[in-house]
Protein chains: 2
Amino acid sequence: MRDYRNKLPVADGTMKEAIDSFQTFLRLRSLRATDVREAIVRAALACRGHFHVEELATDVRAGGFEVSVATVYRALPLLIEAGIIQPTEVSGEKRSYEAVFGREHHDHLICRQCRRVVEFQFEAFEMLQREVAAKYDFELVGHLHELIGICAECRRSSSRQ
Amino acid sequence: MRDYRNKLPVADGTMKEAIDSFQTFLRLRSLRATDVREAIVRAALACRGHFHVEELATDVRAGGFEVSVATVYRALPLLIEAGIIQPTEVSGEKRSYEAVFGREHHDHLICRQCRRVVEFQFEAFEMLQREVAAKYDFELVGHLHELIGICAECRRSSSRQ
DNA sequence: CTTCATGCAAAAGATTTGCAAGTTC
DNA sequence: GAACTTGCAAATCTTTTGCATGAAG
């Protein structure tokens with residue numbers, strides 16, 4: 001019984017590009033391009049929004065590949081380094097990840113009550129971040145930016161009580 | 001053998017205010033103001049920078065209070081809700097916290113290699129964040145903002161190889 | 001045919017929980 | 001005295017690791 005609500009149809013072109021890019025990454029490191037690793041990349045890219053390790057393993061299996069969690073755990077750092085996924089911490093929650101390959105950069109606005117996640121883009125943030133990094137003489141490689149709030153709906157339902 | 005490098009002398013006034021504020025919080029919830037909880041608050045406030053649960057427990061003991069980790073774990077959500085501390089995730093690291101009571105708000109710039117943390121303040125970020133929240137009709141209650149980079153020193157040492 | 005990948009089960013860590021005994025209000 | 005806290009140990013959950021076997025280059 002798989003839940004397709006959080007699955008995303010990925011354009012063939014993008015998928016191929018991602019797999020290619022991942023295989024190149026593996027070759028450069030003298031690592032093996034295996035079916036299981038490819039299946040993990042596919043499953044990760046097909047995820048809409050954030051996913052946990054266990055969910056990723058389940059998705060890979062739903063795609064017809066046997067895989068142990070250990071293998072998924074071992075693959076994660078590779079996918080991250082290859083730029084396929086990114087860790088996305090949400091304070092006080094289980095560790096989660098999201099696909100980034102071929103997607104536009106965005107940050108998150110999270111409702112503390114219902115956990116709904118809104119993605120937003122705001123170039124001004126990026127510019128300011130580069131400024132801050134430059135000021136302290138850091139080479140910027142990434143960032144984690146999450147706004148925590150209470151969405152309109154949750155505000156309404158809690159004031160109703 | 002306690003390491004004082006990461007300890008911070010806290011002004012008596014601030015400490016008293018924090019304890020008072022915490023006790024008020026407890027009373028409002030019909031929870032008990034115990035010595036152990038007060039000791040945990042004191043230890044947390046005395047921490048400079050980020051700390052892990054185990055370190056907090058050690059500090060409480062160093063202050064002369066016996067405490068089990070279980071109790072510290074049980075106290076953490078209270079300290080967070082009372083606004084004494086805040087969770088501060090660093091991607092791929094152990095969960096950590098930092099004291100916020102009576103301190104100026106800041107965000108973090110973290111070196112991916114040496115893990116050094118630089119705190120920065122930039123009012124422009126706060127303004128933009130309020131704008132984003134307003135745009136999506138969220139009531140903003142907090143945020144997590146970390147820039148990940150490589151500091152000048154680490155860049156120098158890695159280019160040397 | 002060498003090196004790397006995988007599954008499994010065990011290990012290691014982190015966090016939570018049930019319960020009996022002790023405290024706070 | 002009732003309700004809440006605590007320590008302890010056990011239970012859970014997450015992530016890592018050793019080792020024997022199987023696959024990739």
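Proteins get letters first, then strands, A, B, ... in listed order; numbering begins at 1 in each. Both backbone and side-chain heavy atoms feed into the values below; hydrogens, waters and symmetry mates do not.
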Exercise for review: Would you please say whether a donor-acceptor pair under 3.5 Å links the side chains of A:Glu146 and B:His145?
Suggested key: no
Point to revise | Where protein sits on nucleotides 11-22 of chain C, one letter per nucleotide: B base, S sugar-phosphate only, - none, heavy atoms under 4.0 Å | key: ---SSBBB----
Point to revise | Residue pair B:Cys151 / B:Gln113, side-chain heavy-atom distance below 4.5 Å | key: no
Scan the side chains in residues 66-80 of chain B for donor-acceptor partners under 3.5 Å anywhere in the protein, sequence neighbours excluded, and list what turns up.
unit_1: B:Ser68; atom_1: OG; unit_2: B:Thr71; atom_2: N; d: 3.4
unit_1: B:Ser68; atom_1: OG; unit_2: B:Thr71; atom_2: OG1; d: 3.2

Check your understanding: For residues 41-66 of chain B, which residue pairs qualify under ring pair (Phe, Tyr, Trp, His ring centres under 6.0 Å), counting only residues two or more places apart or in two chains?
Key -> B:His50-B:His108
**Study point:** Ring centres under 6.0 angstrom apart (B:His105, B:His143)
**Key:** yes
**Study point:** Axial bend angle, the helix from C:dC1-D:dG25 to C:dC25-D:dG1: five-pair end segments, nearest 10°
**Key:** 40°
Check your understanding: Of the residues in residues 26-39 of chain A, which ones touch DNA chain D at a heavy-atom distance under 4.0 Å?
Key -> A:Arg32, A:Ala33
Residues in side chain to side chain contact (heavy atoms under 4.5 Å, CB included) contact with [X], at least two apart in sequence or another chain:
{"X": "A:Glu17", "answer": "A:Phe101"}
{"X": "A:Glu81", "answer": "A:Phe25, A:Arg29"}
{"X": "A:Glu104", "answer": "A:Gln121"}

Review point. With sequence neighbours excluded, what pairs up with B:Asp20 under the side chain to side chain donor-acceptor pair (under 3.5 Å) test?
Key: B:Lys16
Review point. In the hydrophobic clustering (ILVMFWY, side-chain contacts below 4.5 Å, transitive), which residues join A:Tyr136, or is it alone?
Key: A:Leu109, A:Val118, A:Phe120, A:Phe122, A:Phe125, A:Leu128, A:Val132, A:Phe138, A:Leu140, A:Leu147, B:Leu109, B:Val118, B:Phe120, B:Phe122, B:Phe125, B:Leu128, B:Val132, B:Tyr136, B:Phe138, B:Leu140, B:Leu147
**Study point:** Gap between atom CG of B:Asp59 and atom CD of B:Glu54 - 0.5 Å precision
**Key:** 10.5 Å
Practice item. Tell me, please, which residues at least two apart from B:Glu119 pass salt bridge (charged side-chain N to carboxylate O under 4.0 Å, His left out). Key: none
Point to revise | Positional range of nucleotides in DNA chain D within the contact set of chain B, heavy-atom, under 4.0 Å | key: D:dA3 to D:dC8
